[in-house]
Amino acid sequence: MRRAIACLLLASVAAPTLSGCYALDPEMRRHVAERKAKEGASHAAAPESPPPAPTPPAVVPDAWPLTAPKVDPAAAAQAQDRLKEAAAAYLILTLEAGAHEEGYIDAYYGPPKLIADALTAPRDVPALQAEARRLIDLLDAAAPNLADPIERRRAAFLRAQLVAAETRLMMMQGKRFPFAEEAERLFGVRPELKPLASYDAELAKIAALVPGDGPLAGRVEAYLDRFTIPKDRLEKVFDAAIARCRGRTAAHVTMPEGENFVMKFVTGKSWSGYNHYVGAYTSIIEINTDLPIRLSRALDLGCHEGYPGHHLFNMKIEEQLVKARGWLEFSVYPLYSPQSLLAEGSANYGIDLAFPDKTRPDTERDVLMPLAEIATPTDDRYWQLLDAMKALQGARLTIAQQYLDGQIDRQAAVALTQKYQLVSHERAEKSVAFTEQYRSYVINYAIGEAMVKDYLERGGADRDEIWRRFSLMLSEPTLPADLLAP
């Protein structure tokens with residue numbers, strides 16, 4: 001999941017010309033053509049006029065009042081100045097913090113000079129921590145006098161990002177927090193974890209799907225190994241999977257002209273996939289091949305890292321917040337921040353959003369398995385097993401909490417991961433290594449997905465409305481707290 005900050009500088013200085021644009025899923029082409037035809041008819045019916053300037057989203061979620069409080073104009077102007085000052089200073093602070101910790105900055109595509117200056121002469125970590133606190137206080141003073149609801153959301157987002165920055169800067173100096181407190185300070189959510197024993201009933205259900213002798217994890221691994229993609233078929237399978245992820249997303253979300261990405265297969269990582277967003281609507285998507293890749297990961301990673309996951313998430317931020325609104329602070333994405341809960345949660349939810357109901361098994365059975373030269377199952381047990389294993393996601397968080405809080409040692413963490421994630425010793429080692437590297441970041445996947453799902457599906461929304469909410473959520477300064485608001 002990492003990329004050296006020097007690479008960020010290189011990307012910002014000269015945005016690479018990348019290839020790898022995948023054709024739309026054929027079954028989605030008709031929907032895209034229909035949408036474009038409607039848009040064309042709408043444009044033809046309107047009188048000719050100069051192209052309008054980009055219009056930022058206007059809809060405000062229920063979490064924020066639609067009517068702004070009455071504010072003295074002079075106080076409002078001063079508050080606006082303070083907000084602009086805090087936003088500009090936050091950007092510099094984040095870039096300088098990235099100079100002290102590799103991987104702190106997940107993406108940057110702002111002015112090259114800013115990151116060059118940050119790398120050349122960053123303030124020391126205690127000074128940056130003090131600056132984060134100063135900016136939090138500055139926003140606290142400005143917020144009551146911000147009249148525009150979207151500006152108040154911008155200020156709230158900045159404040160939460162700064163609290164996370166202050167926390168991470170403290171951690172850079174050796175400070176450690178209990179798992180739940182660390183997660184709350186960094187990502188805006190205090191996880192409520194279940195005891196591992198509460199997942200035993202789920203293990204029993206899975207055992208019924210994979211009968212036999214020996215440990216359940218070994219039986220599950222042996223069964224899923226039948227669906228391993230041969231290395232010489234990986235590129236073809238992932239090309240086809242991402243094409244379908246993109247096609248299903250493009251049927252509902254208008255994407256920026258010229259958006260693109262390149263896919264690379266890499267080794268030596270603790271993660272299975274990573275999206276490096278370099279700006280100009282372009283990503284580098286890396287797939288880790290340290291361990292054999294099973295068929296289920298093709299659509300998982302295609303949606304999570306690409307469409308409607310991280311690639312779309314970052315594109316919408318660049319399009320709607322950086323370019324349309326001119327909020328340059330959104331051109332930097334610090335990994336350890338509430339922004340990550342939205343990024344990982346929306347990327348995980350995006351898999352089921354793009355492939356609801358039986359469309360995923362149909363796509364894997366009819367398209368991907370033949371490409372991978374994997375024998376097609378005669379029943380649905382494979383997909384039933386994958387669905388049943390999703391109920392174990394929360395166990396990973398409990399294991400991470402116990403390990404990071406010193407309640408269990410590494411050997412126990414690996415053993416419990418084998419038992420409750422139903423993986424081999426080698427895969428369990430990878431999972432624990434990820435926890436060691438990224439700590440409480442692990443909450444962003446399962447908890448983020450659950451929060452995004454609840455928010456988007458609230459009130460029994462139909463699929464068109466869910467897609468509309470999804471696109472809007474990515475296009476506004478959204479915090480985890482916004483997802484919980486009634």
Side-chain angles (χ1 to χ4, degrees), residues 2-15 78-143 146 151 153-173 175 185-188 276-280 314 317-318 320-340 343 477 479:
R2 291 195 173 198
R3 192 177 194 198
I5 192 168
C7 294
L8 292 169
L9 176 58
L10 176 62
S12 65
V13 172
Q78 184 182 46
Q80 268 293 110
D81 289 342
R82 286 176 172 174
L83 176 55
K84 290 177 182 178
E85 176 190 343
Y90 159 82
L91 175 55
I92 300 300
L93 180 150
T94 303
L95 295 176
E96 292 185 9
H100 291 283
E101 182 178 53
E102 182 185 3
Y104 180 83
I105 297 174
D106 191 71
Y108 176 67
Y109 47 89
K113 186 178 186 307
L114 293 183
I115 193 167
D117 290 347
L119 288 171
T120 301
R123 287 165 287 184
D124 63 26
V125 173
L128 292 173
Q129 181 187 331
E131 172 72 346
R133 176 46 51 182
R134 182 186 76 83
L135 295 177
I136 291 168
D137 293 340
L138 185 67
L139 287 170
D140 286 343
L146 291 171
E151 293 288 355
R153 292 188 65 182
R154 180 189 184 189
F157 182 90
L158 274 172
R159 189 187 194 284
Q161 296 286 103
L162 284 163
V163 168
E166 180 184 44
T167 301
R168 192 68 190 183
L169 289 162
M170 293 169 70
M171 293 174 68
M172 289 181 198
Q173 299 171 80
K175 174 70 175 177
R185 292 177 65 99
L186 290 177
F187 308 113
H276 302 287
Y277 190 73
V278 298
N314 285 300
I317 289 175
E318 182 177 7
Q320 294 295 330
L321 299 182
V322 177
K323 293 188 174 178
R325 290 193 179 275
W327 291 352
L328 195 60
E329 71 268 21
F330 282 90
S331 66
V332 67
Y333 168 15
L335 189 68
Y336 301 100
S337 69
Q339 194 169 354
S340 285
L479 285 171

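Position 1 is the first residue of the sequence, and the numbers go up from there.
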L169 side, atom CG; E96 side, atom CD - distance, nearest 0.5 Å: 10.5 Å
Full working for side chain to side chain contact (heavy atoms under 4.5 Å, CB included) between L186 and M171: CA-CA 11 Å; L186 290 177; M171 293 174 68; 4.2 Å; yes
E318 versus A280, closest heavy-atom pair with distance: OE2-N, 3.0 Å
Atom of L91, atom of E329 and distance for their closest heavy-atom approach: CB-CA, 4.4 Å
Donor + acceptor pair across side chains of Q173, Q129 (<3.5 Å): yes
Exercise: identify the closest heavy-atom pair between L83 and R154: CD2-CD, 3.9 Å
Between CZ on residue R133 and CD1 on residue I136, distance to nearest 0.5 Å: 4.0 Å
Interatomic distance, Y277 atom OH to D106 atom CG [nearest 0.5 angstrom]: 12.5 Å
Heavy-atom pair of closest approach, residues D124 and A127: OD1-N, 2.8 Å
Value rounded to 0.5 Å, distance of NZ in K113 from OG1 in T120: 9.0 Å
Side chains of R168 and E101 in contact at under 4.5 Å (non-hydrogen atoms): yes
Backbone N/O of P334 and side chain of Q339: donor-acceptor pair under 3.5 Å: no
Nearest non-hydrogen partners of A155 and L139, listed with the distance: O-CD1, 4.0 Å
Sub-4.5 Å side-chain heavy-atom contact between Q161 and L135: no
Atom pair CD1 (I105) and OG1 (T94), whose distance is rounded to the nearest 0.5 Å: 7.0 Å
Considering all heavy atoms, the nearest M172-A97 contact: CE-O, 3.9 Å
Parallel, tilted or perpendicular: ring planes of F187 versus Y336, cut at 30 and 60 degrees: tilted
A132 backbone acceptor or donor facing E166 side chain under 3.5 Å: no
Side chains of P111 and L328 in contact at under 4.5 Å (non-hydrogen atoms): yes
Inter-residue atom distance Y109.OH - F330.CZ, 0.5 Å rounding: 9.5 Å
Side-chain H-bond candidate by donor/acceptor type, Y333 with S340, under 3.5 Å: yes
Presence of salt bridge, R82 and E85, under 4.0 angstrom: no
